[in-house]
Structures are given as C-alpha cells and as structure tokens.
Engineer: 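Attaching a single structure in structure tokens format; questions to follow.
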There are 2 protein chains.
Amino acid sequence: MRTAKSFSCPVEAVVNLIGGKYKTVILWHLINNTLRFNQLQKQIPQATPKMLTQQLRELEHDGIVNRKVYPVVPPKTEYSLSQFGLSLIPVLDSMRKWGVEYIKSAGKQILSEK
Amino acid sequence: MRTAKSFSCPVEAVVNLIGGKYKTVILWHLINNTLRFNQLQKQIPQATPKMLTQQLRELEHDGIVNRKVYPVVPPKTEYSLSQFGLSLIPVLDSMRKWGVEYIKSAGKQILSEK
DNA sequence: TAACATACTATCTAAAAAGGAAGTAATAAT
DNA sequence: ATTATTACTTCCTTTTTAGATAGTATGTTA
C-alpha cells in the first residue's frame with residue numbers, strides 16, 4: 001500500500017486515491033458485491049479492459065480493493081472492497097446522495113430552460 | 001451553469017464537478033470564507049495562477065462559486081461559495097473526515113515500517 | 001484439431017491536464 | 001517618470017490520462 005504524501009488539506013487525500021476516471025464507479029459497484037472482472041466490465045461498459053485493469057490495479061495497490069485470483073482455466077478473478085475500502089463507504093454515500101439530488105435538479109433545469 | 005450529462009451512476013456526477021486537481025481544496029478554503037484571488041494563492045501555493053484561475057472559472061461556470069469583481073484599481077475579486085456550492089459541504093465534510101483518519105493512520109504506518 | 005472462455009497485456013496514438021515563464025492593464029503613490 | 005499593486009492572460013512545453021486494436025496463456029469442450 002502506498003504511503004501517504006503530505007497533503008495540504010485532508011480532502012486532497014481522497015481525490016488522490018479515488019479521483020481516477022472510473023474509480024468511484026468501480027467502488028460503487030463493489031459495495032455489497034464481490035465481482036469478477038467481466039462482471040465489472042458489463043456494469044461499466046464505457047471503460048475498456050485496459051482502463052478497468054489499470055484502475056483496479058491502482059485501487060489494489062492503494063489497499064482499497066482485494067483481488068483474489070483462482071488458479072483455474074479459464075481464469076477467475078474476484079474483486080471486493082478491502083477493510084480499508086469499506087471505510088470509504090460514507091464518502092461514496094455522501095457523494096451518491098448529492099449526485100442523486102443533482103441529477104434530479106438538473107432534470108428540472110433542463111425542463112425549465114424554455 | 002452546465003447542464004448535466006447523463007451519468008451511469010450518481011457518484012460520477014460529483015467527480016465530474018469537483019474532481020479537478022485543486023477544486024476540492026479551493027472549495028475547502030471557501031467554506032466560511034470569502035476570499036480574494038491572492039488570498040487563495042497564498043493558501044494554495046502549489047497551484048500556479050493559471051491553474052487557480054482555470055479551476056475557479058470552471059467552478060464558477062458550474063455554478064459552484066460566485067465571483068464578484070470590484071471595478072477598482074488595483075483589481076479586487078472575491079470568491080465565495082454559491083448556494084449550490086454550499087450543498088456540497090456534506091460531501092466535502094465526509095471527505096475531510098476520511099482524509100483526517102487516513103493521514104493519521106498513514107502516519108502510524110510510516111512509524112511502524114521499521 | 002479447432003474453437004471457446006476469461007482475464008488480461010502490449011503497443012501505439014490521441015487527447016486532456018498541468019507546468020513554467022513572461023506579459024498586460026489601469027491607476028495610484030512616490 | 002517610475003514603481004507598485006492585483007488579477008489575471010498568453011504561449012509554449014511536458015506529463016498524464018485515455019482510447020483503439022490486437023494479441024497471449026491455458027486448459028476444456030465439441
């Protein structure tokens with residue numbers, strides 16, 4: 001797991017760890033679910049396998065997700081939140097709440113735009 | 001203010017709006033404070049004026065911060081959170097809480113690394 | 001023997017984000 | 001006339017991030 005850089009402010013730390021393009025979405029899907037690579041791919045089709053692998057590796061490297069490889073053929077790999085990853089749930093949740101409201105009001109706004 | 005894209009998941013919306021390198025930090029400093037450009041610069045010295053301006057303009061464009069220009073010489077510009085920006089406080093706050101814990105435990109970790 | 005499944009990896013290109021250094025505008029004070 | 005102040009803007013370069021496409025490994029099944 002990476003050691004912390006010094007941040008000028010605590011919120012920076014979060015952006016640093018989960019600010020990647022697909023990271024929050026990946027984490028979102030892993031709350032309450034252990035998923036295989038191709039299940040994640042189906043849930044997040046806009047991410048290419050390369051991107052998905054890359055983001056997952058970074059999350060793993062940062063100790064946020066667990067990656068469990070089964071030595072079988074065809075391959076089987078399971079991703080889940082680590083203990084540390086679980087600690088991010090409140091953050092993800094407050095983001096979700098805000099996002100839901102935002103999407104709601106953005107919808108209204110589009111309707112009210114003439 | 002930008003209209004919402006469609007997001008595959010609500011948390012994405014947040015990252016989209018405040019995922020920029022210095023945005024959360026800027027917002028953090030603007031909670032409870034109206035600040036002038038050079039005050040922000042002093043608080044966030046790692047951001048060049050160009051970056052600071054850019055991020056502030058995006059935040060303004062997204063309706064998150066207010067920018068008030070006084071037509072005086074030398075110039076005076078004040079930045080503050082808008083109503084919409086205020087709605088992000090719970091998110092910023094959960095990030096802060098997590099960040100504080102993270103920094104704490106990262107410190108411990110560094111100590112325990114032999 | 002060939003095709004299939006799964007989880008990637010590799011390579012190359014393109015686009016986006018960030019960094020650095022210098023410059024501008026307007027007026028007031030010296 | 002020169003300098004100072006403040007909030008930028010411009011231009012150019014470098015770095016980072018992302019995308020597209022194709023390929024690999026390995027047993028299992030048809």
Side-chain angles (χ1 to χ4, degrees), chain A residues 2 5 7-9 11-12 14-27 29-30 33-62 64-80, chain B residues 2 5 7-9 11-12 14-27 29-30 33-62 64-80:
Chain A
R2 281 200 288 210
K5 300 187 208 165
F7 297 108
S8 68
C9 127
V11 298
E12 242 191 297
V14 182
V15 176
N16 225 271
L17 261 76
I18 62 169
K21 185 157 184 184
Y22 301 110
K23 285 184 185 175
T24 50
V25 187
I26 291 172
L27 294 176
H29 287 292
L30 291 180
N33 302 293
T34 290
L35 297 174
R36 297 180 59 175
F37 186 84
N38 68 354
Q39 294 178 299
L40 276 168
Q41 261 197 128
K42 272 166 208 155
Q43 311 251 20
I44 313 168
Q46 69 272 30
T48 59
K50 179 198 149 197
M51 274 298 112
L52 204 51
T53 305
Q54 195 177 99
Q55 302 271 295
L56 283 166
R57 289 294 148 81
E58 286 178 21
L59 290 168
E60 187 195 1
H61 182 243
D62 288 333
I64 294 169
V65 309
N66 291 134
R67 175 164 173 264
K68 182 165 185 189
V69 179
Y70 295 86
V72 296
V73 169
K76 178 177 177 183
T77 311
E78 283 181 351
Y79 293 94
S80 58
Chain B
R2 282 200 288 211
K5 300 186 208 163
F7 297 106
S8 67
C9 128
V11 299
E12 241 190 298
V14 182
V15 176
N16 226 271
L17 259 77
I18 62 169
K21 187 158 185 184
Y22 303 109
K23 285 184 184 174
T24 50
V25 188
I26 290 171
L27 295 176
H29 287 291
L30 292 180
N33 302 294
T34 290
L35 296 175
R36 296 180 60 175
F37 187 83
N38 67 352
Q39 292 179 299
L40 277 167
Q41 260 196 129
K42 271 166 208 157
Q43 310 252 18
I44 313 168
Q46 69 272 31
T48 59
K50 179 197 147 197
M51 275 296 112
L52 205 51
T53 305
Q54 196 178 98
Q55 302 271 294
L56 283 166
R57 289 293 147 83
E58 287 179 21
L59 289 169
E60 187 195 1
H61 182 244
D62 288 332
I64 295 168
V65 308
N66 292 134
R67 175 164 173 262
K68 182 166 186 190
V69 179
Y70 295 85
V72 295
V73 170
K76 178 177 175 182
T77 311
E78 282 180 351
Y79 293 94
S80 58

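FYI, side chains are in, hydrogens and waters are out, and symmetry mates aren't considered; it's all heavy atoms of this structure.
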Engineer: Please give, in whole Å, the distance from dA4(D) P to Lys76(B) NZ?
Structural biologist: 23 Å
Engineer: For dT6(D), does either OP1 or OP2 sit under 4.0 Å from a side-chain N or O belonging to Arg36(B)?
Structural biologist: no
Engineer: Roughly, in whole Å, what's the span from CD in Gln41(B) to P in dA7(D)?
Structural biologist: 8 Å
Engineer: For residues Asn66(B) and Tyr79(B), determine if any side-chain heavy atom of one lies less than 4.5 Å from a side-chain heavy atom of the other.
Structural biologist: no
Engineer: Nearest whole angstrom, please: distance from the C1' of dA18(C) to the CD of Gln46(B).
Structural biologist: 13 Å
Engineer: In whole angstrom, what separates Leu56(B)'s CG from dC8(D)'s P?
Structural biologist: 8 Å
Engineer: Please list, chain by chain and in numerical order, all residues satisfying side chain to side chain contact (heavy atoms under 4.5 Å, CB included) with Gln39(B), sequence neighbours excluded.
Structural biologist: Leu35(B), Arg36(B)
Engineer: Please report, rounded to the nearest Å, how far the P atom of dA10(C) is from the CE atom of Met51(A).
Structural biologist: 14 Å
Engineer: Looking across every strand, which nucleic acid part, if any, lies under 4.0 Å from Thr77(B) by heavy atom: base, sugar-phosphate, or nothing?
Structural biologist: sugar-phosphate
Engineer: Side-chain contact, heavy-atom cut-off 4.5 Å: Lys68(B) with Lys76(B)?
Structural biologist: no
Engineer: Please report the distance, rounded to the nearest Å, between CD in Gln54(B) and P in dA7(D).
Structural biologist: 19 Å
Engineer: What is the nucleic acid contact for Tyr22(B), judged by heavy atoms within less than 4.0 Å: base, sugar-phosphate only, or nothing?
Structural biologist: sugar-phosphate
Engineer: Check the phosphate of dA7(D) against Arg57(B), side-chain N and O only, distance under 4.0 Å to OP1 or OP2. Yes or no?
Structural biologist: no
